[in-house]
Amino acid sequence: MNSQYDPKQAEEKIYRLWEKSGFADPDKLPGKRTKKFSAMMAPPNITGSLHMGHALENISVDIAVRMKRMQGFKALWLPGIDHAGIAAQNAVEKNLRKQNIRRQDLGREKFVEKMYEWKEKYGHIILDQLKKLGALPDWSRTRFTLDPEYAEAVRHAFIHYYEKGWIYRGERVINWCPRCETGISDLEVEYKEEPAKLYHIKYPLADGGFIIVATTRPETMFGDTAVAVNPKDGRYKKLIGKFAAVPIQNRRIPIIADRGVDMKFGTGAVKVTPAHDVSDFEMSIRHNLPRIKIINEKGIMTDESGVFCAGLKTGECRGKTAEELQKLGLLEKAENYIHNAAFCERCGTKIEPRLSLQWFLKMAELAELTIKAIKNKKTALYPKKWEKPALEWLKNIRDWNISRQLWWGHRLPVWFHEPKCEPKKDREKDVAKCKEFVVSEKKPKCEYCDAEFIRSDDVLDTWFSSALWPFATLGWPKKTTDLSEYYPTDYITSAREILNLWIIRMIFSGMEFMGKTPFKTAHIHATILTKDGKRMSKSLGTGIDPLLLVERYGADAVRFGITYQNLGGQDIRFSEDAIITGKKFCNKIWNATRFVMMANREKISDFNDKNPKPKTAADKKILIALKMANKKTETGIDKYEFGKVLHSLYDFFWHDFCDQYIEESKKQSADPKLAENTNRILFYVLTNSLKLLHPFLPFITEEIWDNLRSAGLKAGPLIIESWPRQV
RNA sequence: GGGCGCAUAGCUCAGCCGGUUAGAGCGUUGCAUUCACAUUGCAAAGGUCUCUGGUUCGAAUCCAGAUGCGCCCACCA
């Protein structure tokens, strides 16, 4: 053995050894294994490249799975990738724009072809990169959220909900991105503070007076169908039930009382535009108000906004309206005002709330189910502090808008009866029974006419399919053996920003379709920040590429460095120093091995893993320390406290074993009465340490193990070599 | 507007179900290399544990408040 460990020389060779062993596939693990452990990889998007978050997540799961595999569990870690709806579509659109092509130029079919080309090209890059980190999931079970079998699961889920009456179609004001031309969810909206003007506008009353409303968006005035005040507001009490006129249009609208109006904001009176504001829409339900759509899907004022603004962009209309109000003397004032403006998270365009026909999933019962599951610890959210925000979100949840006007994704299994049926003379009566749409797995035929059914253009929110991940990947809705063996899973870890987006939705999907929560523990891991506490972001150039670090220091050093700093839910200010510490540690392990091997030379083939008997105080001390390290590692990994465990293993190996015992052993070996026993203990502690360290530092430990086997050690590869027994 | 978290050595962080001289890594300083490893060993310097008040025989640790920083959630026109 060389005096230095060379990761470059070892890593690729070792990974091949693992792949060749087939042990990543739980079906191919040796021995009778009754205990199971399973985890699903959080599927990376087909866009983008590996970042520190992926590294942290997958290293963590890899550690847990490796220990379980060694402990004799039938351990499955299933990998995969996500089609990532809007994110992926935007990435490809952006790419096409470089060649001056818009998706509309290509048409849907051609565009989707381009999407698949992209997926073929980039989809597996991240997964391949994970290998460089030593991650060893069962590649033979890799899934993609648009696989035909997965699509079947998605349709099945949709139809299940629909038949339960939980999916409905309705007009709602939703967040609309005029650039992506699709509705997006609340969770895909980003708020940024922005200076604006708060316009105080006089709405004339019949008696010649005014009611003044405050708004940042005067152009939406043309869609007003009421003015609302708080019922307790003394200033306006006598006006409730009377009428005001929309300026410019002179259209009469009622003055209503609604408890949702904040008396302290602006003038205490608010214009109500039900088609273009979420809370106004809700008010319109409570008060049965008409809804006038004045902004179209591209963010242009419609004809319904009146000749005054029709055809203009909303921003242009705003200026023009303000001017006109000024002229008419109806603009009381326009004060500077900072407000939180909504932007599309994926493309940065300002959101235009819009009344639009969408599909929704009723959340009331699913939320109830999830709240119970979390409260009863069917799934433990860890750290525990995330329970409260999760429950809070569920308590106030609204129905989930599951439709998107995108081209990339699972199309709804909804079929529209189009074109409108042309009645045949002999069947005129039946035609009335033709359905507007049918929800069905396959294209239906109309019983009453010859019209075709055409599949809905809408696709499902990407999270609708991700929500099924823990069981759709195992073959659901078919009753597969994988499903019965590996569902529910034990562990999942994810970034906190997708707690609501993904984790919670997996929980209720699991409850609904499988009757059990999909994982026993959901671990919300820390965010890795830059050294000065900034967010790592590719666009800001603050990101660190984990692969570059692997190149520079070796995979084990990177795994060490990340895990060593991952001590809890606290954000990590990432320091490369920890990786250097890891590299040094690898070298320490390497050289300790060299020493122990040299001490034992010819005798390696004689060793078994029976407990040696301590003869000196130092012997006793190191054997106890090993026992403690073993116990701490086991219980620590079972609690997913990876950083803590690694700290204690580091201290044990470096200080207890190398600094103290190895030094002491040099003296003991000089005594012929102690020499042999001492060497035995050295070997015993070393080999058991390698086992304990293997989940964290798989390459170097396996490489060393390989050397020991070459030197005569009777053992299989470390990856399945049995975990040290606690005596 | 609600909620959560953090503040400990020059830097990054442990410790925090109260109890002997507050720990680690990196950095700094000194000494030590034929004898596993200089990617090393031994030793040292370095902290009024953010501030104020409270509980207690005793507080970095528990409680309240202040200050600073960060994050999440929310339909504030």
Side-chain angles (χ1 to χ4, degrees), chain A residues 1-5 173-175 186-187 189 191 196 198-201 213-218 220 224 227-228 260-262 264-273 276-283 337 339-340 342 351 353 383-393 395-396 398 496-497 499-500 524 526-527 529 531-535 553-554 557 560-561 564-599 643-644 646-648 650-651 654-655 658-660 662-663 665-666 682 686:
Chain A
M1 279 171 83
N2 224 320
S3 73
Q4 279 176 38
Y5 168 62
V173 171
I174 56 157
N175 302 303
D186 294 346
L187 298 166
V189 176
Y191 292 90
L198 188 61
Y199 299 88
H200 290 239
I201 304 170
V213 303
T215 180
T216 53
R217 307 197 59 191
T220 61
D224 285 358
V227 168
V261 178
D262 181 356
K264 283 173 287 197
F265 185 87
T267 59
V270 59
K271 58 195 273 316
V272 182
T273 320
H276 296 287
D277 183 280
V278 179
S279 53
D280 291 2
F281 173 77
E282 279 163 13
M283 235 186 265
Y337 177 65
H339 77 144
N340 249 349
I351 294 299
K384 206 170 172 277
K385 66 176 178 188
W386 293 103
E387 269 179 26
K388 201 172 161 182
L391 292 172
E392 205 57 30
W393 186 71
K395 219 171 70 196
N396 302 316
R398 301 154 170 239
R496 61 172 142 280
E497 61 260 31
L499 172 60
N500 296 337
I524 310 303
T527 307
L529 306 171
K531 200 162 175 144
D532 355 282
K534 300 251 163 55
R535 219 178 170 71
Y553 303 105
F560 181 99
Y564 199 72
Q565 295 182 78
N566 184 205
L567 284 152
Q570 220 39 53
D571 286 349
I572 298 164
R573 291 190 174 202
F574 186 77
S575 156
E576 221 167 291
D577 290 348
I579 293 181
I580 294 169
T581 305
K583 193 172 161 55
K584 290 181 180 175
F585 186 45
C586 287
N587 206 244
K588 193 73 180 170
I589 298 167
W590 187 258
N591 279 291
T593 306
R594 286 177 66 215
F595 176 80
V596 173
M597 280 179 83
M598 214 177 301
K644 204 170 156 187
L646 185 56
H647 273 262
S648 73
Y650 177 87
D651 289 340
W654 199 304
H655 300 117
C658 294
D659 290 348
Q660 291 184 33
I662 288 186
E663 290 311 315
S665 79
K666 291 175 186 170
L682 279 173
L686 174 76

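Only heavy atoms go into these numbers, but all of them, side chains included; no hydrogens, no water, no symmetry mates. Below, chain A is the first sequence line, B the second, and so on; all start at residue 1.
- B:rA14 and B:rG47 have their C1' atoms separated by 15 Å, with the value rounded to a whole Å.
- The A:D659 side chain lies nearest to B:rC42 when the options are B:rA36, B:rC42, B:rA77.
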field: Evaluation steps, side-chain contact (heavy atoms from CB on, under 4.5 Å), between A:T581 and A:Q565
entry: CA-CA 11 Å; A:T581 305; A:Q565 295 182 78; over 6 Å; no
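- Side-chain proximity of A:N587 to B:rC75, B:rG41, B:rC37: nearest is B:rC37.
- B:rG3 and B:rA74 have their P atoms separated by 15 Å, with the value rounded to a whole Å.
- In this structure, the side chains of A:I174 and A:F281 stay at 4.5 Å or more apart for every pair of heavy atoms.
- Look at B:rG47: it lacks any Watson-Crick or wobble partner with both distances under 3.5 angstrom.
- Distances from the side chain of A:K388 to the nucleotides B:rG3, B:rC13, B:rA77 place B:rG3 closest.
- For the P atoms, the distance linking B:rC4 with B:rC16 amounts to 22 Å, nearest Å.
- Across all strands shown, B:rA7 is found opposite B:rU67 as a Watson-Crick or G-U wobble partner, with both distances under 3.5 Å.
- Taking atom CZ of A:F585 as the reference point, atom P of B:rU40 lies 12 Å away to the nearest angstrom.
- We find the CG-CE distance between A:L686 and A:M597 to be 9.5 Å, quoted to the nearest 0.5 Å.
- Closest contact between the side chain of A:F265 and the listed nucleotides B:rA36, B:rA77, B:rC75 involves B:rA77.
- Rounded to a whole angstrom, the distance from the C1' atom of B:rU28 to that of B:rC51 is 30 Å.
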task: In sequence, state the C-alpha distance, the side-chain angles, and the governing distance for A:I589 and A:Y5, and then conclude on side-chain contact (heavy atoms from CB on, under 4.5 Å).
output: CA-CA 9 Å; A:I589 298 167; A:Y5 168 62; over 6 Å; no
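- Here the side chain of A:N500 is nearest to one of B:rA36, B:rG41, B:rC73, namely B:rC73.
- Using modelled atom types and a 3.5 Å distance limit, the side chains of A:R594 and A:S3 yield no donor-acceptor pair.
- A:K588 contributes a side-chain N or O that forms a donor-acceptor pair with the base of B:rC37 under 3.5 Å.
- Residue A:Y564 has its side chain nearest to B:rG25 when only B:rG5, B:rG25, B:rA36 are considered.
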field: side-chain contact (heavy atoms from CB on, under 4.5 Å) assessment of A:T273 paired with A:D224
entry: CA-CA 4 Å; A:T273 320; A:D224 285 358; 2.7 Å; yes
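- Of all nucleotides listed (B:rU40, B:rG5, B:rA77), B:rU40 comes nearest to the side chain of A:W654.
- For A:R496, counting side-chain heavy atoms from C-beta on, the closest listed nucleotide (B:rA77, B:rC71, B:rA36) is B:rC71.
- When Watson-Crick and G-U wobble pairs are counted only if both distances are under 3.5 Å, B:rC75 pairs with no nucleotide at all.
- One donor-acceptor pair, N or O on each side, does fall under 3.5 Å between the base of B:rA36 and the side chain of A:E663.
- Taking every side-chain heavy atom of A:W393 into account, B:rC73 is the closest of B:rU39, B:rC4, B:rC73.
- For B:rG41, the paired base is B:rC31 (Watson-Crick or G-U wobble, both distances below 3.5 Å).
- A:Y650 is linked by a ring pair (Phe, Tyr, Trp, His ring centres under 6.0 Å) to A:F560, A:Y564, A:F585, A:W654, counting only residues two or more places apart in sequence or in another chain.
- Following rounding to the nearest Å, A:E576 (CD) and B:rU12 (P) show an atom-to-atom distance of 16 Å.
- Nearest nucleotide to the side chain of A:R398, out of B:rU39, B:rA36, B:rC75: B:rC75.
- Between the side chain of A:N566 and the main chain of A:G643, no donor-acceptor pair closer than 3.5 Å is present.
- Every residue meeting the side-chain hydrogen bond (donor to acceptor under 3.5 Å, both in side chains) condition with A:T220, not counting sequence neighbours, appears here in chain and number order: A:K271.
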Is there any protein nitrogen or oxygen under 3.5 Å from a nitrogen or oxygen in nucleotides 26-31 of chain B, and what are the pairs?
unit_1, atom_1, unit_2, atom_2, d
B:rC26, O2', A:D577, OD2, 3.1

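- Using the Watson-Crick or G-U wobble rule with both distances under 3.5 Å, B:rU61 pairs with nothing in any strand shown.
- Straight-line distance between the C1' atoms of B:rU20 and B:rA59: roughly 15 Å, to the nearest whole Å.
- For B:rC16, there is no paired base (Watson-Crick or G-U wobble, both distances below 3.5 Å).
- Comparing the same atom, C1', in B:rA9 and in B:rU48 gives a spacing of 14 Å after rounding to whole Å.
- Checking the phosphate oxygens (OP1, OP2) of B:rA77, a side-chain nitrogen or oxygen of A:Y337 falls inside 4.0 Å.
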